[in-house]
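The structure appears below as structure tokens.
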Amino acid sequence: MNHLSVVNDYLARFSDDWKNFTIDGVHYLDPAFLETKDLDIFGRHSLFQYICTASTIWGQDQLAEWLSRPDKNISEIKKRQQAVEELAHKQEFSMRYETAARSLRSLPYDTAKKIMQEFFQTQNKLIQQPNSAVKFIIYFFPVMTLAFFAAALLNFQQQTALSCFLLFTTFQLILSLLTYQRHSKLLAPIYKMNQTITPYRRLINLLEKETFDSPYLSSLQCELTENNSASSALLELEQIADSVVVRHNLFALILCNSLFLYDFHCARKYMKWKDLYQNSLQNWLTTIGKAEALISLGAISLTKETHSMPQLSNQHHPKLSATNIRHPLIKESLAIGNDVELIHAACIITGSNMSGKTTFMRSIGINLVLAYSGGYCTADSFHVSVMELCTSMRTQDNISEGISTFYAELIRIKKMVELSSQHTPMISLIDEIYKGTNTKDRIYAALETVRTLAKPYAFVIVTTHDFELCDLENDKQIDAENYYFSEYYEQDKIRFDYKIKKGRSSTSNARDLLRMAGILK
């Protein structure tokens with residue numbers, strides 16, 4: 001059933017059915033990283049929702065971290081790329097790995113997170129192993145209890161043996177009741193984890209047994225086998241968890257504790273396990289998550305005919321060149337590809353409404369996120385240098401803080417300017433620059449902003465309806481070039497080809513759109 005669910009999810013990515021996936025990463029949206037909102041990285045109908053194949057919280061967290069905080073270390077990105085490519089070619093292994101984790105989706109993210117936090121909080125507490133006196137009691141009393149019970153059954157001093165048996169069981173039961181809360185507090189997180197330990201163990205077992213060629217995957221495998229086998233350790237914890245489940249049956253709790261001091265033995269086994277493995281467990285779970293995130297970054301190669309592994313370079317002068325670049329969240333049969341090669345520092349894009357300016361810009365941004373994460377992008381080829389990615393697209397006002405749309409955009413562009421002043425290689429994507437203010441101020445502010453951001457070490461791409469910005473192409477102070485999108489009319493209907501062209505737009509369609517909406521006659 002889990003395997004069928006995995007297969008169906010891949011099939012859903014060929015249509016728009018993936019938009020119904022429950023895992024969308026909306027909780028990863030962070031005001032400190034507004035680029036993720038601009039580029040639809042998290043939330044409904046987002047990149048995360050499309051590519052995430054991870055079922056564990058560790059895999060989802062790792063994928064979110066790579067997408068929201070793209071790596072700038074080119075050697076690390078390339079190691080990750082090799083791992084993503086290898087897993088993309090190991091389709092059978094990847095499917096088995098996804099299937100093994102799929103049952104973990106029955107727990108909502110917040111619930112699973114809370115369970116693991118409680119477990120690690122218990123792990124980190126300084127709980128001592130029982131001293132010699134306690135060890136003597138938890139072994140001696142159960143042995144004597146069973147011995148007197150056996151004597152009573154064999155009619156050996158039956159009356160005395162039965163009295164001693166009842167005395168010992170009563171003592172053990174009272175002792176268990178006195179320590180019940182302490183043991184429950186210690187063992188409760190393990191009980192809550194009972195349903196998750198087995199899938200974790202299976203995932204680790206799959207990673208331990210697989211043969212990998214890429215250095216990154218080999219290093220993950222070493223994390224699991226460096227000292228003791230991680231899967232063996234998880235098997236022990238699984239057995240302890242099964243034992244703890246028994247004590248949640250009232251009859252079994254009374255019987256087992258009165259005969260064997262069951263709670264004491266469960267606690268002793270867990271504390272012994274904790275002493276051996278508590279320092280390794282977090283690394284093992286992180287390793288599981290990294291493998292899931294790597295598989296997710298390879299999902300595009302299995303669901304998009306147009307895809308490639310980006311070619312990265314590390315240079316101070318930025319580079320971006322792509323052929324047939326597409327937006328990964330648009331159904332492939334409807335997506336229109338464009339070629340782009342940024343040679344000039346500033347790119348001014350004009351065009352009529354709905355002609356494709358913003359989608360083109362987001363195509364560049366979202367593919368940059370994929371490239372720096374180590375995953376496939378949706379282009380026939382994608383060559384890019386490592387640079388900071390800044391965006392200003394979905395700027396919103398904030399009434400409670402007295403921030404207008406214009407001021408909100410100013411704040412974001414101010415950050416770009418500050419970053420540029422540090423001579424950091426970067427690319428800035430600004431949609432409908434300064435749309436929140438009047439025409440005169442907008443044109444003046446936009447011209448000065450583009451001049452400030454366009455540097456030999458920085459690209460700036462701006463969409464606008466103000467043709468005055470196109471004059472920057474002739475400005476000797478900066479290196480700028482004009483591009484545009486256009487529309488055409490067919491049978492009195494407006495059509496778009498969504499292809500970018502060099503030059504400046506000479507058309508507008510506002511009147512036609514108003515007429516089509518019935519506002520104008």
Side-chain angles (χ1 to χ4, degrees), residues 115-116 118-194 196-198 201 227-282 284:
I115 289 172
M116 294 307 303
E118 289 176 356
F119 178 76
F120 280 109
Q121 286 170 2
T122 305
Q123 284 260 305
N124 295 331
K125 289 179 181 177
L126 297 175
I127 304 171
Q128 299 294 328
Q129 283 279 10
N131 57 34
S132 300
V134 175
K135 283 183 179 179
F136 175 78
I137 290 173
I138 64 177
Y139 284 103
F140 175 75
F141 275 79
V143 170
M144 294 304 297
T145 301
L146 293 176
F148 283 122
F149 181 67
L153 288 177
L154 296 172
N155 292 322
F156 182 78
Q157 297 289 328
Q158 188 177 47
Q159 192 64 35
T160 302
L162 190 58
S163 297
C164 290
F165 168 72
L166 293 174
L167 180 65
F168 272 82
T169 54
T170 302
F171 173 81
Q172 290 187 122
L173 186 58
I174 291 172
L175 186 60
S176 297
L177 290 173
L178 290 173
T179 57
Y180 175 76
Q181 285 189 334
R182 176 178 176 272
H183 285 138
S184 292
K185 192 173 182 180
L186 173 67
L187 299 173
I190 309 173
Y191 172 74
K192 292 179 181 178
M193 270 189 67
N194 181 57
T196 64
I197 298 172
T198 300
R201 176 181 60 79
N227 295 318
N228 297 317
S229 168
S231 59
S232 298
L234 264 291
L235 180 59
E236 289 182 37
L237 185 61
E238 186 179 343
Q239 293 167 346
I240 294 169
D242 289 340
S243 300
V244 171
V245 170
V246 173
R247 67 186 295 276
H248 283 260
N249 180 297
L250 182 60
F251 176 76
L253 178 69
I254 295 172
L255 180 64
C256 291
N257 275 299
S258 61
L259 292 176
F260 312 114
L261 290 174
Y262 190 77
D263 281 0
F264 284 88
H265 287 283
C266 287
R268 182 192 60 80
K269 287 180 181 178
Y270 171 57
M271 286 188 284
K272 182 180 178 181
W273 188 93
K274 179 170 118 20
D275 289 343
L276 289 172
Y277 302 115
Q278 69 172 349
N279 295 328
S280 301
L281 182 60
Q282 182 75 57
W284 295 341

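Under the ring-ring contact (aromatic ring centres under 6.0 Å, His included) criterion, Y262 pairs with no residue at all, not counting sequence neighbours. Among residues two or more places apart in sequence or in another chain, the ring-ring contact (aromatic ring centres under 6.0 Å, His included) test is passed with Y191 by H248. F156 pairs by the ring-ring contact (aromatic ring centres under 6.0 Å, His included) definition with nothing, not counting sequence neighbours. Among residues two or more places apart in sequence or in another chain, the side chain to side chain contact (heavy atoms under 4.5 Å, CB included) test is passed with S229 by E208, S231, S232.
Within the model, atoms CG of L259 and CD1 of I254 stand 11.5 Å from one another, a figure rounded to the nearest 0.5 Å. Taking CG from L237 and CD1 from I190, the interatomic distance works out to 6.5 Å, rounded to the nearest 0.5 Å. Taking CZ of R247 as the start and CG of N257 as the end, the distance is 7.5 Å to the nearest 0.5 Å. Rounding to the nearest 0.5 Å places CE of M193 at 4.0 Å from OG1 of T196. The CZ atom of F264 sits 3.5 Å away from the OG1 atom of T179 when rounded to the nearest 0.5 Å. Atom CG of L253 sits about 9.5 Å away from atom OG of S258, to the nearest 0.5 Å.
Each side chain to side chain donor-acceptor pair (under 3.5 Å) pair with one or both residues in residues 234-245, not counting sequence neighbours, appears once here: T198-E238, R201-E238.
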Walk me through whether L281 and L234 qualify under side-chain contact (heavy atoms from CB on, under 4.5 Å).
CA-CA 9 Å; L281 182 60; L234 264 291; 4.2 Å; yes
Between S176 and L261, is a side-chain contact (heavy atoms from CB on, under 4.5 Å) present by the stated rule, with each step listed?
CA-CA 7 Å; S176 297; L261 290 174; 3.6 Å; yes
K192 vs F119, side-chain contact (heavy atoms from CB on, under 4.5 Å): CA-CA, chis, key distance, verdict
CA-CA 9 Å; K192 292 179 181 178; F119 178 76; over 6 Å; no
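Nearest heavy atom pair, residue A241 against residue I197, reads CB-CD1, 3.7 Å.
Residues H265 and Y139 have side chains in contact (heavy-atom distance under 4.5 Å, counting atoms from C-beta outward).
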Expected list for residues 144-155: side-chain donor-acceptor pairs under 3.5 angstrom, two or more places apart:
{"from": "T145", "atom 1": "OG1", "to": "F141", "atom 2": "O", "distance (Å)": "2.7"}
{"from": "T145", "atom 1": "OG1", "to": "Q172", "atom 2": "NE2", "distance (Å)": "3.1"}
{"from": "N155", "atom 1": "OD1", "to": "Q158", "atom 2": "NE2", "distance (Å)": "2.9"}

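In this structure, F136 and F140 have parallel ring planes: the angle between them is below the 30° cut-off, well short of the 60° mark.
The residue from T169, L175, I174 that alone fulfils the side chain to side chain contact (heavy atoms under 4.5 Å, CB included) condition with F171 is L175.
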